[in-house]
Amino acid sequence: QVQLQESGPGLVKPSQTLSLTCTVSGGSFTTNYYYWRWIRQPPGKGLEWVGSIAYSGNTYYNPTLKSRTSISRDTSKNQFTLQLSSVSPEDTAVYYCASVEYWGQGTQVTVSS
């Protein structure tokens, strides 16, 4: 059974960098799951894929966010991270980390001064 847990600040100021960590427990971080994903849902809107990191370490980003997005992993800690720079209030959303099959519960991130 794979479990994922998002963590990070719930409030970020405009122009700063949003940083979130996903901790994976159970299962295998690199063996059984090909992709690890970040998805977000702004209030009143649908789900938006932010980016993914493959078991190989290769990264893939939503073209609309690519210039501001960085995803990395730390296999020794079973963690992968999201950094989204130069945030604005439009980046306010519930952020989810997910494998191919399982999702975390999500964490609310609000961008406000």
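Because the structure is a prediction, the values reported are computed rather than measured. Heavy-atom basis, side chains included; hydrogens, waters and symmetry copies ignored.
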> Using a distance-only test with no angle check, is there a side-chain donor-acceptor pair under 3.5 angstrom linking Ser88 and Glu90?
Replying inline: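 A pair is found: one side chain offers a donor N or O, the other an acceptor, under 3.5 Å apart.
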
For [X] against [Y], the heavy-atom pair lying closest together:
X     : Y     : result
Trp38 : Trp49 : O-CD1, 3.7 Å
Trp36 : Ser99 : CZ3-CB, 3.6 Å
Gly51 : Ile71 : C-CD1, 3.3 Å
Tyr61 : Ser70 : OH-CA, 3.5 Å

Within this structure, what is the [atom1]-[atom2] distance for the pair [X] and [Y], rounded to the nearest 0.5 Å?
X     : Y     : atom1 : atom2 : answer
Asn78 : Gln5  : CG    : CD    : 14.0 Å
Asp91 : Ser85 : CG    : OG    : 9.0 Å
Ser56 : Arg73 : OG    : CZ    : 7.0 Å
Ser52 : Tyr60 : OG    : OH    : 9.0 Å

Taking [X] for the side chain and [Y] for the main chain, is one N or O donor matched with an acceptor at less than 3.5 Å?
X     : Y      : value
Glu6  : Cys97  : yes
Arg40 : Val94  : no
Arg37 : Trp103 : no

> Under the side-chain hydrogen bond (donor to acceptor under 3.5 Å, both in side chains) criterion, do Gln79 and Thr23 qualify, and how do the steps go?
Replying inline: CA-CA 5 Å; Gln79 293 179 331; Thr23 301; 3.1 Å; yes

>> Apply side-chain hydrogen bond (donor to acceptor under 3.5 Å, both in side chains) to residues Thr81 and Ser72 and explain how you reach the verdict.
In response: CA-CA 5 Å; Thr81 62; Ser72 60; 2.7 Å; yes

>> Evaluate Tyr102 against Leu4 for side-chain contact (heavy atoms from CB on, under 4.5 Å), listing each step before the verdict.
In response: CA-CA 8 Å; Tyr102 298 99; Leu4 302 94; 3.7 Å; yes

>> The test is side-chain contact (heavy atoms from CB on, under 4.5 Å); show your working for Thr69 and Val50 and say whether it passes.
In response: CA-CA 8 Å; Thr69 307; Val50 178; 4.0 Å; yes

Under 3.5 Å, sequence neighbours excluded: what are the donor-acceptor pairs made by side chains of residues 106-113?
unit_1 : atom_1 : unit_2 : atom_2 : d
Gln108 : NE2    : Thr110 : OG1    : 3.4

>> Are Tyr55 and Tyr35 packed together at the side-chain level, in the sense that at least one heavy-atom pair is separated by less than 4.5 angstrom?
In response: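 No, every pair of side-chain atoms sits at 4.5 Å or beyond.
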
In a table with atom names and distances, give each donor-acceptor pair under 3.5 Å that connects a side chain of residues 11-20 to protein atoms at least two apart or in another chain.
none

